[in-house]
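Throughout, numbering of the chain's residues begins at 1 and tracks the sequence. Just follow the structure's listing: the first ligand is 1, and inside any ligand the first atom is 1. The figures that follow rest on heavy atoms only: side chains count, while hydrogens, waters and symmetry mates do not.
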Amino acid sequence: MAQFDLSIQPRFNETDGLGHINNTVIPVWFEAAREPIFAIFNPELDLNNWNLIVAGFTIAFTAPTYYGKPVEVVTRISRIGNSSFEVLQQSFQAGKMTAEAKTTLVHYDYQTEKSVAIPADIRELLGSYLTA
Ligand SMILES: CC(C)(COP(=O)(O)OP(=O)(O)OC[C@H]1O[C@@H](n2cnc3c(N)ncnc32)[C@H](O)[C@@H]1OP(=O)(O)O)[C@@H](O)C(=O)NCCC(=O)NCCSC(=O)c1cc(O)c2ccccc2c1O
């Protein structure tokens, strides 16, 4: 099963007064880890031809993430619909899962402001990252 991997070194300024990486930070890491997926839809990452929009996301923080140890973010596809698909992401620190998020992205035409069916070639590529 193929996946995208991103290693993050938590920064001091991402740590809150309780010593945790703040809850607002991890969705930002997850967004960075989705970049290879944006590139499937838009290989040049050309903002003038952007064709994805975030419809929503859920996140569960399953253990605290701390400063000082690297975090591995794993990204896979958990569902492919007509114009939408869901991205499943998990963060791990010292082998322990600390967060899991599901983000729905919609293939979208920013000029007409309408969703667009995912083309067959992109669907096939996304399918290779689909969770079992
Ligand atoms: C998201 C919308 C475009 C959906 O519009 P609408 O409901 O009219 O469209 P459809 O009926 O055609 O549905 C299309 C498709 O989407 C599924 N869906 C719709 N709403 C949701 C939802 N809330 N959650 C999950 N899934 C949803 C629906 O079931 C259909 O699935 P099919 O597979 O069957 O086709 C519209 O609601 C809209 O425009 N919403 C506002 C979006 C928005 O403002 N998002 C936040 C700002 S954008 C953003 O922050 C952002 C940041 C980034 O860094 C990005 C990076 C890379 C890509 C995108 C980024 C980005 O968007």
Minimum non-hydrogen distance to atom 13 (O) of ligand 1, winning option of Ala117, Gly81, Ser115: Ser115

Interfacing atoms of ligand 1 (cut-off 4.0 Å, heavy-atom, Val106): 16 (O)

for atom 61 (C) of ligand 1, nearest protein heavy atom and its distance come out as Val54 CG2, 3.4 Å

Under 4.0 Å, heavy atoms only, figure out whether ligand 1 is touched by the backbone of Thr104, its side chain, both or neither. side chain

Examine distances only and state if a side-chain atom of Ser84 and a backbone atom of Leu105 form a donor-acceptor pair shorter than 3.5 Å. no

Can you check whether Ser84 has an N/O within less than 3.5 Å of an N/O in ligand 1? yes

Non-hydrogen protein atom less than 4.0 angstrom from atom 19 (C) of ligand 1: no

re atom 2 (C) of ligand 1, the protein heavy-atom contact at minimum distance is Ile53 CG2, 4.7 Å

Under 4.5 Å between any side-chain heavy atoms of Ile37 and Ile77, yes or no? yes

Measuring from atom 22 (C) of ligand 1, which candidate in Ala55, Ala32, Gly56 has the nearest non-hydrogen atom? Ala55

Distance alone, cut at 3.5 Å: any donor-acceptor contact between the side chains of Gln3 and Asp5? yes

Please check if the side chain of Gln93 supplies one atom and the backbone of Lys69 the other of a donor-acceptor pair under 3.5 Å. yes

If we ignore hydrogens and angles and just use 3.5 Å, is the side chain of Tyr129 paired with the main-chain N or O of Val87 as donor and acceptor? no

Could a heavy atom of Trp50 be found less than 4.0 Å from some atom of ligand 1? yes

Is atom 15 (C) of ligand 1 less than 4.0 angstrom from some protein heavy atom? yes

Which of the atoms of ligand 1 are close to Tyr108, meaning less than 4.0 Å from one of its heavy atoms? 3 (C)

Among all the protein's heavy atoms, is there at least one whose distance to atom 5 (O) of ligand 1 comes out below 4.0 Å? no

Taking Gly81's backbone N and O only, do any of them form a donor-acceptor pair with Arg123's side chain (distance below 3.5 Å, no angle check)? yes

Around atom CD of Gln9, are there more than 12 heavy atoms from other residues, nucleotides or ligands closer than 6.0 Å? yes

Looking at atom 59 (C) of ligand 1, would you say a protein heavy atom lies below 4.0 Å from it? yes

Note: Glu31, heavy atoms under 4.0 Å from ligand 1, region reported as side chain

Would atom 50 (O) of ligand 1 count as contacted, meaning some protein heavy atom under 4.0 Å? no

Check whether Asp109 reaches the backbone of Glu113 with its side chain - one donor and one acceptor, N or O, closer than 3.5 Å. no

Measuring to protein heavy atoms, does anything land under 4.0 Å from atom 43 (C) of ligand 1? yes

Are there protein heavy-atom neighbours of atom 8 (O) of ligand 1 below 4.0 Å? no

Are Phe41 and Trp50 close enough that their ring centres sit under 6.0 Å apart? no

What residue and atom, counting heavy atoms only, is the protein's closest point to atom 35 (O) of ligand 1, and at what distance? Ser83 OG, 2.6 Å

Testing the basics here: between Pro10 and Ile21, what is the closest heavy-atom pair and its distance to 0.1 Å? CB-CD1, 3.6 Å

Nearest non-hydrogen protein atom, atom 56 (C) of ligand 1: Phe38 CZ, 3.5 Å

Under a plain distance cut-off of 3.5 Å, with no hydrogens placed, do Thr103 and Arg34 share a side-chain donor-acceptor pair? yes

Would you confirm whether Asn22, through its side chain, and Val25, through its main-chain N or O, come within 3.5 Å as a donor-acceptor pair? no

Under-4.0 Å heavy-atom contact between protein and atom 40 (N) of ligand 1: no

